[in-house]
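Reading through the structure tokens given below for one structure.
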Amino acid sequence: MEKNIINKVVIITGASSGIGEATAKLLAQSGAKVVLAARREERLHTIVNEIKQGGGEAVAVKADVVSPEDMQNLAKIVREMYGRIDVLVNNAGIMPSSRMNELRVAEWDQMIDVNIKGVLYGIAAVLPTMREQQSGHIINLSSTSGYQVSPTSAVYAATKFAVRAISEGLRLEETATSGIRSTLIAPGLTKTELFDSITSPEVQAIANQISGLGISPNSIARAIAFAINEPDDTLISEIMVRPTAL
Ligand code: NDP
């Protein structure tokens, strides 16, 4: 078991599939108490049961990251259960990419809501508790698209650039003074359900071509576990994990 993960209370948003699910399983195996949050409750319960059967500690809480009330409620439940919140993995995200001139304005709104506001509502829900504890760790999922824009990725990339700015701001404001670590994780192409949210036929065709080159969500989970496991005086501020094939 990993030393600085054991017994930590870790909330993971978007834990019903992909990177969130893999992270929940790995951290639970490593001795953390994991709280899995997402909208699809049935899937959360199935994963929680798997974790428990493997000897890990896990609970499921239904929460939509777009709802500040849901996120506050999530933090309240965790405080009542465990008395503390050690780590928040702000992982929930969607990627209905398209060309700007397709004017899929509702999808732009959804990406901004889930990928940016969702991250902020997560921070708002846990920050007071972490400041009170004078310790904590907030891990935000950006992307290689948080560094580089490509045709069809403008809005998604904008949300992931924003996550980088938020993560860096959090680090500058909190880490040295209140001991709250801020880590940015930037995955490259990873084999998950993320591409299911694409509705543009052009982008779907591209996704179908390259999806086989993606890495396992376990590779991203290991990066997250590494950042948590480092000693409290060590901040892993940024990790990028890419497939070797791309
Ligand atoms: P998945 O689609 O497998 O997982 C996304 C998760 O987000 C799901 O569990 C989903 O759960 C949850 N989610 C979506 N909307 C909401 C919402 N409103 N409230 C709560 N949860 C929500 O994709 P990934 O695992 O790949 O994505 C995880 C993160 O990694 C995302 O932020 C993504 O942008 C990022 N990323 C992924 C890459 C990839 O290639 N896969 C590359 C770079 C970054 P539910 O529907 O049950 O609510």
Side-chain angles (χ1 to χ4, degrees), residues 11-26 34-48 60-71 73-74 88-97 107 109-122 125 138-150 153 155-164 166-167 183-198 203 206-221 223-224 238-243 245-246:
I11 300 174
I12 302 159
T13 67
S16 58
S17 62
I19 293 168
E21 175 180 351
T23 302
K25 288 178 173 169
L26 178 62
V34 290
V35 180
L36 289 80
R39 293 165 305 172
R40 289 171 294 175
E41 221 174 354
E42 279 300 305
R43 290 184 65 150
L44 290 179
H45 285 303
T46 305
I47 299 163
V48 163
V61 179
K62 186 177 179 186
D64 186 333
V65 296
V66 164
S67 159
E69 294 79 22
D70 274 16
M71 296 309 287
N73 184 50
L74 169 63
L88 167 67
V89 184
N90 258 328
N91 166 73
I94 55 170
M95 192 190 67
S97 299
E107 292 183 344
D109 281 341
Q110 283 167 6
M111 279 190 275
I112 290 165
D113 284 347
V114 176
N115 299 358
I116 303 178
K117 290 187 188 171
V119 165
L120 290 170
Y121 296 158
I138 297 177
I139 298 178
N140 298 307
L141 269 287
S142 178
S143 167
T144 48
S145 298
Y147 298 77
Q148 193 176 6
V149 186
S150 58
S153 84
V155 179
Y156 177 73
T159 66
K160 294 303 185 180
F161 272 69
V163 173
R164 263 178 73 205
I166 292 164
S167 216
T183 296
L184 187 82
I185 304 287
L189 187 68
T190 307
K191 282 183 194 150
T192 69
E193 295 170 21
L194 189 71
F195 306 89
D196 296 355
S197 62
I198 297 168
V203 182
I206 298 167
N208 290 343
Q209 267 175 14
I210 60 170
S211 61
L213 301 175
I215 48 177
S216 160
N218 294 327
S219 301
I220 314 303
I224 293 170
E238 225 167 286
I239 304 179
M240 188 177 281
V241 186
R242 298 173 188 267
L246 282 175

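First listed ligand is number 1; within each ligand, the first listed atom is number 1.
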Counting C-beta onward and ignoring hydrogens, is there a side-chain heavy-atom pair between [X] and [Y] closer than 4.5 Å?
X: Met240; Y: Thr144; result: yes
X: Arg43; Y: Ser17; result: yes
X: Ile19; Y: Ile224; result: yes

Determine, using heavy atoms of [X] and all atoms of ligand 1, whether some pair is separated by less than 4.0 Å.
X: Ser142; answer: yes
X: Leu189; answer: yes
X: Ala63; answer: yes
X: Ala37; answer: no
X: Arg43; answer: no

Heavy-atom closest contact ([X] atom, [Y] atom, distance):
X: Ser197; Y: Pro96; value: O-CB, 3.1 Å
X: Gly122; Y: Met71; value: CA-CE, 3.8 Å
X: Ala207; Y: Phe195; value: CB-CD2, 4.0 Å
X: Ala245; Y: Leu213; value: CB-CD2, 4.1 Å
X: Asn218; Y: Ala22; value: OD1-CB, 3.5 Å

What is the nearest protein non-hydrogen atom to [atom], stated with its residue, atom name and distance?
atom: atom 23 (O) of ligand 1; result: Thr192 OG1, 3.3 Å
atom: atom 1 (P) of ligand 1; result: Ser17 OG, 3.5 Å
atom: atom 25 (O) of ligand 1; result: Ile19 N, 2.8 Å
atom: atom 43 (C) of ligand 1; result: Pro187 O, 3.2 Å
atom: atom 34 (O) of ligand 1; result: Tyr156 OH, 2.7 Å
atom: atom 2 (O) of ligand 1; result: Leu194 N, 3.2 Å
atom: atom 19 (N) of ligand 1; result: Val65 N, 2.9 Å
atom: atom 31 (C) of ligand 1; result: Asn91 O, 3.2 Å

- prompt: Given Gly214, Gly18, Ser16, which has its nearest heavy atom closest to atom 9 (O) of ligand 1?
  reply: Ser16
Mind checking whether [X] has an N or O less than 3.5 Å away from an N or O of ligand 1?
X: Thr144; answer: no
X: Thr190; answer: yes
X: Gly14; answer: yes

query: Testing Val89, Thr13, Asn90 for side chain to side chain contact (heavy atoms under 4.5 Å, CB included) with Leu141, which one passes?
result: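 Between Leu141 and the candidates, side chain to side chain contact (heavy atoms under 4.5 Å, CB included) is satisfied uniquely by Val89.
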The single option from Val203, Ile198, Thr192, Asp196 passing side chain to side chain contact (heavy atoms under 4.5 Å, CB included) against Met95: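 That would be Ile198; it is the only one of Val203, Ile198, Thr192, Asp196 passing the side chain to side chain contact (heavy atoms under 4.5 Å, CB included) with Met95.
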message: Below a 4.0 angstrom heavy-atom separation, can you tell me which part of Lys160, side chain or backbone, both or neither, approaches ligand 1?
response: side chain
field: Point-to-point distance, once rounded to the nearest 0.5 Å, from CG of Leu184 to CZ of Arg164
entry: 7.5 Å
